Amino acid sequence: MMLARLWNVRSLRVRLLISLMMAICTIWASWFLCQAMQMSRQQTGNWDLMMKATGQQILRSLPPGMTPVDRQTGLSLPPEIPVLPAHLYYQVWHRNGQSILQSANAPALAWVPLRFDEPHWLGQADLDGQAWRVYTITDATHTVQVQVAKLQSQLDAELALWFNGSLVIAGLLIVLLGTVSWWTICWTMRPVRQLRDTLVGRAALDLRALPLRELPQELRPLVEGFNGVLGQLDTALRAERHFLADAAHELRTPLAVLTAQARLVQSAQTLEESREAMAPLLCGIERTARLTEQLLDSARVDASVDPAAGGAVTLHEIVSLVLHDFDPAARQHQQRLLLDTEPCALPVDVDTLGVLLRNLIDNAQRYSGTGARIQVVCRRVRMDDGWCVALGVRDDGPGVPASARDRIFDRFYRVPGTTGRGSGIGLSLVARIAELHGATIDVGEGLDGRGFGITVRFTRYRVDAPADCPDSSPAPLAAVIPTTAATTQ
């Protein structure tokens, strides 16, 4: 639980320090455990070797026929020399069980039973409640035996001293290492703090890309991602500003005209004058309403992100519904609406696709003239590498000069000499919606070699070929439009 809380710390520097110190402490603890075991064996082996050497030296130094020596009458040190603590004790025994020689403070009894038939022996022994490490050695005649011993508590104390000293030194080194690691981590994370300071010091709408030159390689992908998001935000803000500027520019003139027409209606003296002034007013209101609708559609297209998020939709049904909305205007201008569709389904955005169709049909109605024919097609067409769905709108009106076809999709561009009233926004919306769906736009002649036609091909999505498709080369959209189409009047 404690480890989970430490790991959930939000500071990257703290988490990195904790991870680093945990790894170091784990490795050091494993090494220290192995060293402690090795040191214990090595220290015991050193003392055993010392006891063997001491026992052999004592045995070889004894004269033959040595008589017992009383410990109480033994020699003493000069008073000016301090008595050092004893680390080794020894006893010399005769075969008859008599003690020949003993070190100071050695016990009166033998540490282990006398066994003169064994040349030497090494092991543990207990005497008077104390544990001893004992080594025995017997002379060649099996007459004298020397026993050398060391208290096990002294050996344990030496190991504990080494252990505690090592722990203290290791603790100090770990603290020093942690301090150095923290300083190193803070120094390494300095570019992140500088990046934060750069962002904090920026203005609210400063969306310039962050500098990458002095950043470490590990931070570059993250900052590049930030720059990508900043670029998208900058594009969105530019589009919003552009939209507001367009709205202010385009609505200012119609509103001024409406105000002037309203004043004329207000100042009319007779009913006939009022009616004459009302007709331009209504026309201006319709134009302003259409302009407002197109500006709102422009904002909606700018807000679209993933056109395929809603799943597949039936394009032919949408085409029929949208075309039905233009029946009243077609009757008013004595125009014929021709519909040619087949079942087609694509993962497109319904709202923006409706905006595209409405603008194409509205553009054809405005500029094809009275009594024109307007054909709307939704069919599968063959491409070089398969089949795709195409939407086409054609008319038999005056058409668009070839020199002006490259600019008709620019915002607010109107073909010189056109008599229809428009804002120049509709076809620019068509181009943006097509780009949003990954579609291509073709422009050309309209019906019967006259007028104007626009075809939107959804080349991003491949569809199955029609069941009655002839095995032939790729054909343009006009080639698959039947000459007899459904007429909506």
Side-chain angles (χ1 to χ4, degrees), residues 7-17 19 184-249 294-313 346-356 359 385 388 406 409-412 425 427-441 456-462:
W7 188 249
N8 288 330
V9 175
R10 295 188 179 274
S11 174
L12 185 61
R13 294 179 297 175
V14 175
R15 291 178 62 178
L16 185 58
L17 180 64
S19 303
T184 304
I185 291 172
C186 293
W187 177 78
T188 305
M189 299 296 290
R190 184 174 58 180
V192 178
R193 297 195 303 272
Q194 294 175 347
L195 190 63
R196 179 202 61 188
D197 296 339
T198 301
L199 288 174
V200 172
R202 283 192 171 190
L205 297 179
D206 186 358
L207 300 178
R208 291 174 299 169
L210 298 172
L212 298 173
R213 184 177 58 185
E214 297 181 358
L215 287 179
Q217 288 292 111
E218 292 76 10
L219 291 179
R220 283 180 177 269
L222 180 62
V223 178
E224 288 174 353
F226 285 161
N227 288 340
V229 174
L230 290 176
Q232 294 175 358
L233 291 175
D234 185 60
T235 302
L237 282 177
R238 289 178 183 273
E240 183 177 350
R241 293 169 181 169
H242 200 177
F243 168 75
L244 293 176
D246 293 345
H249 176 269
Q294 287 182 327
L295 289 173
L296 293 176
D297 288 340
S298 177
R300 183 187 306 171
V301 172
D302 290 337
S304 299
V305 178
D306 186 7
V313 298
L346 288 180
V348 295
D349 181 66
V350 176
D351 293 335
T352 55
L353 185 65
V355 173
L356 181 145
N359 281 279
D385 55 350
C388 69
D406 293 337
F409 296 103
D410 295 341
R411 186 176 292 190
F412 303 119
I425 298 178
L427 291 184
S428 69
L429 279 176
V430 171
R432 289 159 61 192
I433 295 172
E435 181 181 3
L436 181 66
H437 289 82
T440 60
I441 300 179
V456 180
R457 302 175 189 267
F458 295 88
T459 56
R460 177 185 294 177
Y461 311 103
R462 292 295 184 263

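Being a predicted model, the structure only gives us computed values, none of them experimental.
- The number of heavy atoms from other shown groups lying within 6.0 Å of CD (E224) is above 12.
- Nearest heavy atom pair, residue I441 against residue A431, reads CD1-CA, 3.8 Å.
- Between C388 and Y461, the closest side-chain pair of non-hydrogen atoms is not below 4.5 Å.
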What verdict does the side-chain contact (heavy atoms from CB on, under 4.5 Å) test give for I433 and L353, after you've listed the backbone C-alpha separation in whole Å, the side-chain angles of each residue and the deciding distance to 0.1 Å?
CA-CA 7 Å; I433 295 172; L353 185 65; 5.8 Å; no
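- Contact detail for L356 and A434: the closest heavy-atom pair is CD1-N, 4.2 Å.
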Show, in sequence, the C-alpha distance, side-chain angles and deciding distance for L427 and N359, and conclude whether the side-chain contact (heavy atoms from CB on, under 4.5 Å) test is met.
CA-CA 7 Å; L427 291 184; N359 281 279; 5.9 Å; no
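- Side-chain contact between V355 and L429: present, with at least one pair of heavy atoms (C-beta onward) separated by less than 4.5 Å.
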Go through the steps for D349 and H437 under the test side-chain contact (heavy atoms from CB on, under 4.5 Å), then give the verdict.
CA-CA 8 Å; D349 181 66; H437 289 82; 3.9 Å; yes
